[in-house]
There are 2 protein chains.
Amino acid sequence: MVPCLKDVAERAGVSVSTASIALRQDPRVKEETRRRIAQAAEELGYRPNGIARDLKTRRTGMIAILLHSLGGPFFSELVRGIEDAVHVSDFMPIVSSSGKDDSALRRFLLEKRVDGAIILNSNIDEEVLQTVASESMPIVVLDRSIHLEHVYPVMCDHRTGARRATRHLMDLGYPEVAFISGPADSYHGRLRHDGYVDAHASLGRQVDERMIYHGTFTEGSGYDIARRMAENGRMPQAIFAANDEMAIGALRAFGELGVRVPQDVAIVGFDDIRLANYVTPSLSTVRQPMYDLGVTAAKTLLRMLKGERGFAPAELQTELIVRQSSTGFPG
Amino acid sequence: MVPCLKDVAERAGVSVSTASIALRQDPRVKEETRRRIAQAAEELGYRPNGIARDLKTRRTGMIAILLHSLGGPFFSELVRGIEDAVHVSDFMPIVSSSGKDDSALRRFLLEKRVDGAIILNSNIDEEVLQTVASESMPIVVLDRSIHLEHVYPVMCDHRTGARRATRHLMDLGYPEVAFISGPADSYHGRLRHDGYVDAHASLGRQVDERMIYHGTFTEGSGYDIARRMAENGRMPQAIFAANDEMAIGALRAFGELGVRVPQDVAIVGFDDIRLANYVTPSLSTVRQPMYDLGVTAAKTLLRMLKGERGFAPAELQTELIVRQSSTGFPG
DNA sequence: TTGTAGGCGTTATCAC
DNA sequence: GTGATAACGCCTACAA
């Protein structure tokens with residue numbers, strides 16, 4: 001049904017090996033023979049079978065980008081960065097997300113269907129990375145602190161970002177800054193929490209545990225927490241939320257309750273999702289350089305694929321973006 | 001370096017074929033032998049090589065989702081739908097976007113690296129589809145009207161959606177509705193334009209070509225057009241924009257100029273991007289059922305992969321969502 | 001119940 | 001310049 005190299009060779013009256021190198025423009029084969037072969041291939045509609053080539057050459061030319069979900073707000077920026085950087089090589093990036101079931105992703109890696117991978121998915125645990133990563137299959141992990149051979153981390157300094165956001169509010173003159181945290185088991189959540197603590201330490205202040213509220217990174221949880229704050233009469237004057245979604249939820253709650261932002265309470269989020277600039281008031285936040293993160297991850301992987309080793313793990317900085325929700329001064 | 005089946009077999013003292021079937025739980029092999037083989041595999045850290053298996057079995061177990069870009073607002077909903085539907089099978093969906101260079105995507109298909117594909121990317125032209133699609137490689141194209149063997153279209157009725165949006169404004173009592181179109185070479189843009197025309201026809205009205213403005217689907221183009229409208233003193237009372245981005249650009253321009261929406265001008269967009277619900281005033285729009293589109297595409301492809309043929313092309317309906325930007329009546 | 005042999009479609013190594 | 005021949009790692013008749 002589908003023509004293979006042998007068919008082309010027969011039709012052109014040459015051997016399979018000659019056909020093979022001829023079609024790859026090898027200068028060893030005479031111009032005229034080459035043309036005959038090319039024509040035979042054309043007539044048969046021949047296309048090389050990538051799988052067979054991969055098996056023989058022991059490389060697939062593909063690198064995997066494994067995510068937890070494709071939904072997140074940054075994801076597209078990240079992938080854009082990776083794609084732009086990979087584009088100069090002749091690798092092809094393919095994206096896959098785990099959804100509920102990460103076993104498929106694991107198999108993907110274990111079965112060597114790619115030459116390397118960039119992983120932003122905490123479900124792929126260290127053990128899998130350990131067994132999968134090798135000379136011939138380097139891996140870059142994003143936003144995780146892992147040190148294994150053939151595995152390089154590319155991180156973003158959430159902790160410093162969170163410290164700056166908190167300090168920004170403190171420096172504005174707010175004596176106490178409340179914190180809406182992420183889920184306890186979230187690595188990012190923990191780093192952002194640590195940054196919040198750091199900010200206090202940097203001024204020799206004590207963290208008041210009662211100022212810490214536990215959210216789940218969803219808009220709804222931010223909304224609920226903000227309502228509770230207002231209704232319990234324990235309104236802080238300033239809030240740092242561990243992500244924008246929760247900050248926006250809080251904004252919505254305060255809007256409904258007639259609590260003015262930033263006059264009554266200042267708010268800073270984290271992530272700089274697109275919405276942050278569109279809500280009213282616009283939301284101050286901490287921006288992660290997702291595009292750059294993608295570029296850095298890709299460049300690192302490409303270097304590893306070229307056989308380089310031993311460079312330092314990368315850590316990129318965040319940027320504080322001040323908008324309306326934290327402009328002004330304690331009322 | 002990497003252990004293969006032969007190594008496992010040797011270590012277990014059996015032949016390769018026995019090892020092969022044993023590892024796939026074939027009942028033909030004796031319990032004790034199986035255990036010995038399993039242990040050998042375990043000790044060596046053996047993992048089957050997916051590429052080799054694919055070559056032999058002539059199937060990869062993967063289906064490709066080929067997009068133009070990963071950035072768009074719907075894309076993640078679409079992919080979520082596809083993934084949810086594919087999940088019940090044992091295929092694995094992998095996503096790739098062309099960015100600047102679609103030749104990589106074409107190669108991907110031509111080299112048979114997947115068992116099937118879902119394509120939402122107009123750069124992959126009919127000729128490529130023609131040569132690629134086959135019994136063993138069915139393809140679903142989204143939002144394109146293509147009829148080829150082994151290629152099924154899954155579409156969304158943009159035209160009717162655009163007609164309804166336009167009629168909605170007309171029915172509100174606005175005598176004239178301006179149209180901010182997309183780029184001329186856009187298939188969607190054309191369908192939405194046709195719907196706009198249909199709405200006029202349905203009331204026996206004539207389209208006034210001067211009410212049609214040509215945008216580029218970007219927020220900036222919507223902004224520019226709205227400014228021109230206001231500054232030239234040719235303000236319409238109602239506007240239908242071919243997408244939300246442009247509608248939101250117009251909203252921003254009117255906001256700056258003190259033109260009130262919906263009192264001075266009513267606006268309806270298309271797409272229902274997340275932002276539409278958050279801008280002020282919130283934007284009326286036409287929602288495409290992206291998730292359902294993904295589910296339908298995936299189910300269709302899975303049926304084709306099972307060998308079914310001859311079912312009807314799918315067309316899904318849009319939904320008009322009325323928000324603040326078109327509530328009220330001609331002022 | 002297990003082993004032998006051949007092949008999937010390609011590339012690589014040598015001869016000629 | 002070109003052509004045998006042997007892999008790549010796995011699967012599957014068929015034979016024993």
Side-chain angles (χ1 to χ4, degrees), chain A residues 1-38 40-41 44-62 90 107 110-115 134 136-137, chain B residues 1-38 40-41 44-62 107-108 110-115 134 136-137:
Chain A
M1 190 70 229
V2 183
C4 69
L5 201 49
K6 190 164 143 243
D7 303 318
V8 175
E10 276 169 9
R11 176 175 259 257
V14 296
S15 76
V16 177
S17 44
T18 306
S20 174
I21 56 177
L23 288 173
R24 278 172 296 141
Q25 317 299 336
D26 189 305
R28 277 179 298 178
V29 32
K30 189 163 47 176
E31 181 57 30
E32 194 246 315
T33 328
R34 195 217 308 293
R35 190 149 32 225
R36 231 173 49 239
I37 295 171
L44 291 172
Y46 168 76
R47 300 294 162 177
N49 180 316
I51 306 285
R53 196 210 332 261
D54 291 351
L55 179 59
K56 181 64 193 177
T57 61
R58 306 153 131 291
R59 57 191 294 291
T60 65
M62 309 196 296
D90 43 25
R107 269 214 349 257
L110 291 166
E111 294 184 348
K112 305 220 169 308
R113 290 211 142 79
V114 288
D115 295 338
S134 72
S136 61
M137 171 104 154
Chain B
M1 190 70 228
V2 184
C4 69
L5 200 48
K6 189 162 144 245
D7 303 318
V8 175
E10 277 169 10
R11 177 175 256 258
V14 296
S15 78
V16 179
S17 51
T18 307
S20 174
I21 57 178
L23 288 173
R24 275 171 301 132
Q25 317 300 333
D26 189 304
R28 277 179 297 179
V29 33
K30 189 163 47 174
E31 181 56 31
E32 193 246 315
T33 325
R34 195 217 309 293
R35 192 153 29 228
R36 234 175 43 239
I37 294 171
L44 291 171
Y46 167 76
R47 300 292 163 179
N49 180 315
I51 306 284
R53 198 214 325 262
D54 291 352
L55 179 60
K56 181 63 195 178
T57 61
R58 306 158 133 290
R59 56 190 296 290
T60 65
M62 308 196 297
R107 268 212 353 253
F108 200 67
L110 291 166
E111 293 185 348
K112 306 221 167 308
R113 290 209 142 80
V114 288
D115 294 339
S134 72
S136 62
M137 171 104 156

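A note on names: the letters A, B, ... follow the listed sequences, proteins ahead of strands, and every chain is numbered from 1.
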List in chain and number order the residues that pass side-chain contact (heavy atoms from CB on, under 4.5 Å) with [X], two or more places apart in sequence or in another chain; answer none if no residue qualifies.
X	value
A:Asp115	A:Arg59, A:Thr60, A:Phe91, A:Leu305
B:Gln25	B:Arg34
A:Ala38	none
B:Val16	B:Leu5, B:Lys6, B:Ala9

Just to verify, what does [X] make a salt bridge (Lys or Arg N to Asp or Glu O under 4.0 Å) with, not counting sequence neighbours?
X	answer
A:Asp7	none
B:Arg53	A:Glu111
B:Arg24	none

For this session: For B:Arg47, check side-chain hydrogen bond (donor to acceptor under 3.5 Å, both in side chains) against everything at least two apart and list the hits.
Result: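 Testing B:Arg47 for side-chain hydrogen bond (donor to acceptor under 3.5 Å, both in side chains), a comparison that skips the adjacent residues, returns none.
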Exercise. Considering residues at least two apart in sequence or located in another chain, which fulfil the side-chain hydrogen bond (donor to acceptor under 3.5 Å, both in side chains) criterion with B:Thr57?
Worked result: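 So B:Thr57 forms no side-chain hydrogen bond (donor to acceptor under 3.5 Å, both in side chains) with any residue.
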Exercise. Do any side-chain nitrogens or oxygens of B:Thr18 fall under 4.0 Å of OP1 or OP2 in C:dT2?
Worked result: no
Problem set entry | Terminal axes of the helix from C:dT1-D:dA16 to C:dC16-D:dG1 (five pairs each): angle between them, nearest 10 degrees |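 Axis angle across the helix from C:dT1-D:dA16 to C:dC16-D:dG1, nearest 10°: 40°.
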For this session: Give me the first and last nucleotide of DNA chain D, going 5' to 3', that has any atom under 4.0 Å from a heavy atom of chain A.
Result: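 With heavy atoms of chain A under 4.0 Å away, the range is D:dG1 to D:dG9.
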Exercise. Are the side chain of A:Arg36 and the backbone N or O of A:Ala12 linked by a donor-acceptor pair below 3.5 Å?
Worked result: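 Here the side-chain-to-backbone pair exists.
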For this session: Summarise how protein sits on nucleotides 7-16 of chain C as a single string, 5' to 3': B when a protein heavy atom is under 4.0 Å from the base, S for sugar-phosphate-only contact, - for no contact.
Result: BBBBBB----
